[in-house]
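One structure is given here, and the rest of the page talks about it.
The first residue of the sequence shown is numbered 1, and numbering continues consecutively from there.
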Amino acid sequence: QVQLVESGGGLVQAGDSLRLSCAASGRTFNTYAMGWFRQTPGKEREFVAAISRSGGMPYYAGSVKGRFTISRDNAKNTVYLQMSSLKAEDTALYYCAASTRLRYSSTIYSYTLLREYDYWGQGTQVTVSS
């Protein structure tokens, strides 16, 4: 089992940048594909970005592509989400998640599915003022 702890959220202005971090416990971090999701009140949790076990294959939702960058440092058991050119509509509670099932051969669509992830953090709030 792995525990995930997000950090780095906060209140920023539109156009600003922010970097979220997600630290994972345990010694097998490089066996998990990692994802970032976000949720606003009254809406379903939605996919933001994901990265394969080795870090070689990042995937993004269309709404954040070109503005957000996901990366991981397996030596530090940490996955990051660098967010730039933030917009008011990026305001949400951001969650990181770990998957034991997603592999290099998994489809891109699979990486976007909540059900493919086994472990979730508690979330970190990002608020973008316009």
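Counting non-hydrogen atoms of neighbouring residues, nucleotides and ligands closer than 6.0 angstrom, the CD atom of Q39 exceeds 12 such neighbours.
Here M34 contributes atom CE and N77 contributes atom CG; the two are 9.5 Å apart, rounded to the nearest 0.5 Å. Atom OG of S71 and atom CZ of R19 lie 7.0 Å apart (nearest 0.5 Å). Put simply, OG1 on T127 and CG on D90 are 11.0 Å apart, with the number rounded to the nearest 0.5 Å. Of the inter-residue distances, the one linking T40 atom OG1 with E46 atom CD reads 7.0 Å to the nearest 0.5 angstrom. Expressed to the nearest 0.5 Å, how far OG1 of T112 lies from CZ of F37 amounts to 7.0 Å. Rounded to the nearest 0.5 angstrom, Q3 CD and Q122 CD are separated by 10.5 Å.
A continuous path of hydrophobic side-chain contacts links L4 to L20 [ILVMFWY only; heavy atoms under 4.5 Å]. A chain of hydrophobic side-chain contacts below 4.5 Å, direct or via other Ile, Leu, Val, Met, Phe, Trp or Tyr residues, connects W36 to L86. Cluster membership for Y119 and L102, using ILVMFWY side-chain heavy atoms within less than 4.5 angstrom, is not shared. Side-chain heavy atoms closer than 4.5 Å link hydrophobic residues (I, L, V, M, F, W, Y) into clusters, and following such links, possibly through other members, connects V2 to L81. Following chains of ILVMFWY side-chain contacts shorter than 4.5 Å, one can reach V64 starting from V12, so the two form part of one hydrophobic cluster.
Nearest heavy atoms, S130 versus A88: CB-CB, 4.1 Å. Closest approach of V48 and Y94 over heavy atoms only: CG2-CE2, 4.3 Å. Between L18 and G8, the shortest heavy-atom contact is CG-O, 3.5 Å. Looking at every heavy atom in both residues, A50 comes nearest to Y117 through CB-OH, 3.5 Å.
Contact check for Y60 versus Y111: no side-chain heavy atoms found under the 4.5 Å cut-off. A 4.5 Å side-chain heavy-atom check between R38 and S63 finds at least one atom pair inside the cut-off. You'll find the side chain of K87 stays beyond 4.5 Å of the side chain of V128, heavy atoms only. Side-chain contact between L114 and R45 is present, with heavy atoms from C-beta onward closer than 4.5 Å. By the 4.5 Å heavy-atom criterion applied to side chains, Y104 and R53 are not counted as neighbours. Counting only heavy atoms from C-beta outward, the side chains of Y32 and T100 approach each other to under 4.5 Å. Side-chain contact between M83 and D16: absent, with no pair of heavy atoms (C-beta onward) separated by less than 4.5 Å.
When atom types are taken as modelled, the side chain of R72 and the backbone of S52 share a donor-acceptor pair closer than 3.5 angstrom. Between the S99 side chain and the E116 main chain, a donor and an acceptor come within less than 3.5 Å of each other. In this structure, the side chain of E6 engages the main chain of G123 through a donor-acceptor pair within 3.5 Å. Remark: side-chain polar atoms of R101 are paired, donor with acceptor, to backbone N or O of R115 under 3.5 angstrom. Looking only at distances, no side-chain donor or acceptor of S85 sits under 3.5 Å from a matching main-chain atom of R67. A distance-only check finds no donor-acceptor pair linking the side chain of Y95 to the backbone of T124 [under 3.5 Å].
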Inset, instruction - Starting from the C-alpha separation in whole Å, work towards a yes-or-no answer on ring pair (Phe, Tyr, Trp, His ring centres under 6.0 Å) for F47 and Y59. - result: CA-CA 10 Å; F47 170 76; Y59 307 110; 7.9 Å; no
Legend entry - Verdict with supporting geometry, V79 and I70, side chain to side chain contact (heavy atoms under 4.5 Å, CB included): CA-CA 7 Å; V79 62; I70 187 171; 4.0 Å; yes
